[in-house]
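See structure below.
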Amino acid sequence: MTSQLVAKIIAFVLYLGFMIYIGLRNAKKNNSPKDFFLGGRKVGPFVTALSAEASDSSAWLLMGLPGLCYLGGIKETFWTALGLIVGTYLNWLFVARPLRKCTVSFGDSITIPEFFSNRFKDKSHVISIISVIFIVFFFTIYTASGFVACAKLFRSVFGLNYYVGLIIGLIVILSYTILGGYTAVCTTDFVQGTLIFVAFVISSVIAVVALGGAGNAMAAVSDFSQRAISGQFGEEMMAKFSANQSYGAMSIISALAWGLGYFGMPHIIIRFMGIRSGEEVKTARRIGTVWMVISYIGTFIIGTLGTVYLAGGDLSNPAMLLTGGFEETVFSETMLKMYPAFIAGLFLCAILAASMSTADSQLLSASSAISLDIYKSMINKDADEKKVLNVSRITVLIIAAVAFCLSLNPNSSIFGLVSYAWAGFGSTFGPLVLLSLFWRNATKQGAIAGLIGGGVTVVLWHNLSGGIFNLYEIVPGFVVCLVLAVIVSLCTKKDPEVLAEFDSYKKSND
């Protein structure tokens with residue numbers, strides 16, 4: 001075992017140990033489901049902002065998107081990042097404060113399915129059941145992407161077997177999620193978001209300087225692209241770079257449409273519900289937006305310059321080409337080359353941070369849906385808070401186990417898994433969140449039709465290809481959900497009690 005390997009191990013052990021410590025420290029604060037799932041609505045703007053963005057960005061920010069850039073997908077990365085930045089800003093601007101206010105007004109709801117049920121007075125629990133089914137389905141896929149990222153990271157940094165890395169990531173994430181709940185997840189996400197931000201800023205500057213400045217760096221990247229297209233670096237690189245040269249209107253629409261997903265992400269919008277007060281949303285929005293803009297610039301720089309930087313500037317005989325599924329490790333390989341072993345280990349924890357910050361939030365959101373919206377509301381209404389928490393923790397284990405099985409394929413694409421789950425949540429819940437907050441005439445029947453229509457459309461569209469089916473499935477899914485919810489609501493009788501409660505919510509103060 002070399003001294004460099006020991007230094008990287010020490011860095012990772014310190015980081016992972018700190019995450020588990022946070023979980024243990026916060027375990028005693030969970031005296032009720034509201035504490036476990038929302039932190040008692042007492043989380044400040046800084047922690048809320050970085051927690052929301054860190055849980056949003058996940059490992060595809062440091063692995064999926066840089067890998068896409070590395071293979072010449074600069075246009076797709078740019079338009080996707082633009083859609084995401086605009087989407088998150090609009091989510092903070094239009095949804096954050098009204099959602100916190102509305103969830104308090106409608107039965108002090110602490111989960112999205114519970115909010116929908118309370119908003120539409122659904123005593124049959126049909127909305128909850130449908131919502132939970134889609135939440136568990138898409139969150140399991142999303143969580144699997146985090147496990148894949150952990151495994152690929154450990155393989156890249158330590159040369160560990162893919163499956164060994166998978167198990168290590170699973171154990172650490174489960175440890176602090178099960179123990180600490182929402183407060184632990186937000187606190188670890190704050191630490192992880194800070195680490196991601198610092199890693200991108202410092203590394204991007206070093207990469208540009210090392211290549212002789214921005215002008216020289218971009219010229220070298222352009223030269224590399226031309227050589228790749230000509231076939232100098234092999235057929236795989238030629239095929240990838242050539243395919244990314246044609247990027248039309250449909251592709252741009254698909255990339256920008258990622259922004260629609262924010263309105264329906266349970267693990268993100270729940271941060272809005274847990275913030276200390278509506279007055280602090282503006283501060284959180286500014287922090288979160290700045291974090292996103294700078295982080296995506298870092299993604300673009302590391303992914304784009306990675307080809308030239310890793311080659312050491314010698315394009316006639318590149319020192320390293322990442323292909324065959326390894327292109328998503330461009331960030332980790334760049335860190336390993338750029339820094340001494342211990343510093344590289346700390347910054348590489350940023351990838352682990354991104355993976356865990358999303359996986360923990362998703363596991364918590366999915367478990368809350370099962371324990372509160374199914375177990376407490378339908379199976380055992382008299383269950384005490386301790387039983388509900390235990391059911392939640394068991395649910396975390398089960399969902400994690402299924403996600404683990406989905407991530408067993410070493411060739412799994414982080415970007416592909418996230419893309420599917422993102423479309424699922426954005427299409428299934430996004431339109432309904434907006435209608436619930438801003439349209440008094442939305443009805444229970446309309447909500448049910450929208451949920452089913454949006455979710456089914458995404459699943460079907462995702463499994464078809466060619467022609468119009470090359471359009472990202474979030475677009476048709478979002479439109480179908482919105483149209484069905486509106487049409488069915490207009491055609492069904494309005495509940496006077498629902499209308500009166502909505503009017504009362506609109507008139508109330510935070």
Side-chain angles (χ1 to χ4, degrees), residues 83 87 91 94-95 99 111-142 250 253-254 256-269 365-366 369 373-374 418-495 498 502:
N91 204 24
F94 295 116
V95 174
L99 183 63
T111 70
I112 297 303
E114 183 184 19
F115 166 58
F116 286 152
S117 292
N118 291 340
R119 167 69 175 83
F120 298 110
K121 299 296 181 184
D122 179 25
K123 298 178 182 179
S124 66
H125 301 290
V126 173
I127 292 179
S128 286
I129 293 173
I130 297 171
S131 298
V132 170
I133 290 173
F134 283 121
I135 282 176
V136 172
F137 177 75
F138 289 117
F139 264 146
T140 302
I141 296 172
Y142 212 146
M250 185 177 290
I253 293 172
S254 294
L256 288 173
W258 277 75
L260 293 174
Y262 280 104
F263 302 119
M265 293 294 143
H267 61 296
I268 297 174
I269 59 179
S365 295
D373 301 307
I374 298 297
V418 171
S419 174
Y420 187 17
W422 189 269
F425 284 123
S427 300
T428 306
F429 299 116
L432 289 188
V433 169
L434 296 174
L435 292 175
S436 297
L437 297 177
F438 302 111
W439 193 39
R440 75 188 294 267
N441 291 320
T443 67
K444 176 180 70 174
Q445 294 83 355
I448 293 172
L451 282 172
I452 296 174
V456 172
T457 299
V458 167
V459 174
L460 294 177
W461 200 278
H462 178 79
N463 290 285
L464 298 172
S465 61
I468 62 170
F469 299 113
N470 289 331
L471 180 68
Y472 185 25
E473 55 265 26
I474 195 173
V475 178
F478 195 96
V479 171
V480 168
C481 178
L482 181 62
V483 170
L484 282 177
V486 170
I487 291 177
V488 174
S489 292
L490 291 174
C491 296
T492 51
K493 185 178 180 180
K494 311 299 182 289
D495 186 335
V498 172
F502 183 86

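Keep in mind it's a predicted model, so treat the numbers as computed, not measured.
- For the atom pair OG of Ser419 and CD1 of Ile141, the computed distance is 11.0 Å after rounding to the nearest 0.5 Å.
- When all heavy atoms of Gly264 and Pro266 are compared, the pair lying nearest together is O-CD, 2.9 Å.
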For this session: Walk me through it: do Arg440 and Val498 pass the test side chain to side chain contact (heavy atoms under 4.5 Å, CB included)?
Result: CA-CA 8 Å; Arg440 75 188 294 267; Val498 172; over 6 Å; no

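- The line from CD1 of Ile135 to CZ of Phe425 is 6.5 Å long, rounded to the nearest 0.5 Å.
- In this structure, Phe429 has no ring pair (Phe, Tyr, Trp, His ring centres under 6.0 Å) partners at least two apart in sequence or on a different chain.
- Phe502 places a side-chain heavy atom less than 4.5 Å from the side chain of Arg119.
- A distance of 4.5 Å separates CH2 in Trp422 from CE in Met265, rounded to the nearest 0.5 Å.
- With sequence neighbours excluded, the residues that form a side-chain hydrogen bond (donor to acceptor under 3.5 Å, both in side chains) with Lys121 are Glu501.
- Atom CG of Asn118 sits about 11.5 Å away from atom NZ of Lys123, to the nearest 0.5 Å.
- Separating the CZ atom in Phe263 from the CG atom in Leu435 is a distance of 12.0 Å, to the nearest 0.5 Å.
- Checking side-chain atoms of Asn91 against main-chain N and O of Val95 turns up no donor-acceptor pair under 3.5 Å.
- By the ring pair (Phe, Tyr, Trp, His ring centres under 6.0 Å) test, Phe134 pairs with no residue at all, sequence neighbours left out.
- Every side-chain hydrogen bond (donor to acceptor under 3.5 Å, both in side chains) that Glu473 has, sequence neighbours left out, goes to His462.
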Expected list for residues 447-457: side-chain donor-acceptor pairs under 3.5 angstrom, two or more places apart:
unit_1 : atom_1 : unit_2 : atom_2 : d
Thr457 : OG1    : Gly453 : O      : 2.6

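- Residues passing the side-chain contact (heavy atoms from CB on, under 4.5 Å) test with Leu260, sequence neighbours excluded: Ala257, Ile474, Phe478.
- Within the structure, ring pair (Phe, Tyr, Trp, His ring centres under 6.0 Å) contacts touching residues 433-459 (residues at least two apart or in different chains) do not occur.
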Validation: residues 481-493 side-chain donor-acceptor distances under 3.5 Å, sequence neighbours left out:
unit_1 : atom_1 : unit_2 : atom_2 : d
Ser489 : OG     : Thr443 : N      : 3.1
Ser489 : OG     : Thr443 : OG1    : 3.4
Ser489 : OG     : Ala485 : O      : 2.6
Thr492 : OG1    : Thr443 : OG1    : 2.9
Thr492 : OG1    : Val488 : O      : 2.9
Thr492 : OG1    : Ser489 : O      : 3.3

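- For Ser117, the side-chain hydrogen bond (donor to acceptor under 3.5 Å, both in side chains) partners are Ser128, not counting sequence neighbours.
- Ile374 pairs in a side-chain contact (heavy atoms from CB on, under 4.5 Å) with only one of the listed residues (Ile129, Ile133, Val136), which is Ile129.
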For this session: Any chance you could lay out the side chain to side chain contact (heavy atoms under 4.5 Å, CB included) test for Met250 and Asn470, step after step, and finish with the verdict?
Result: CA-CA 8 Å; Met250 185 177 290; Asn470 289 331; 4.2 Å; yes

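- For Tyr420 and Trp461, the ring centers are positioned 6.0 Å apart or more.
- With sequence neighbours left out, Tyr472 forms a ring pair (Phe, Tyr, Trp, His ring centres under 6.0 Å) with Trp258.
- Put simply, CG on Leu432 and CZ on Phe116 are 5.0 Å apart, with the number rounded to the nearest 0.5 Å.
- In this view, Phe94 satisfies the ring pair (Phe, Tyr, Trp, His ring centres under 6.0 Å) rule with no residue, not counting sequence neighbours.
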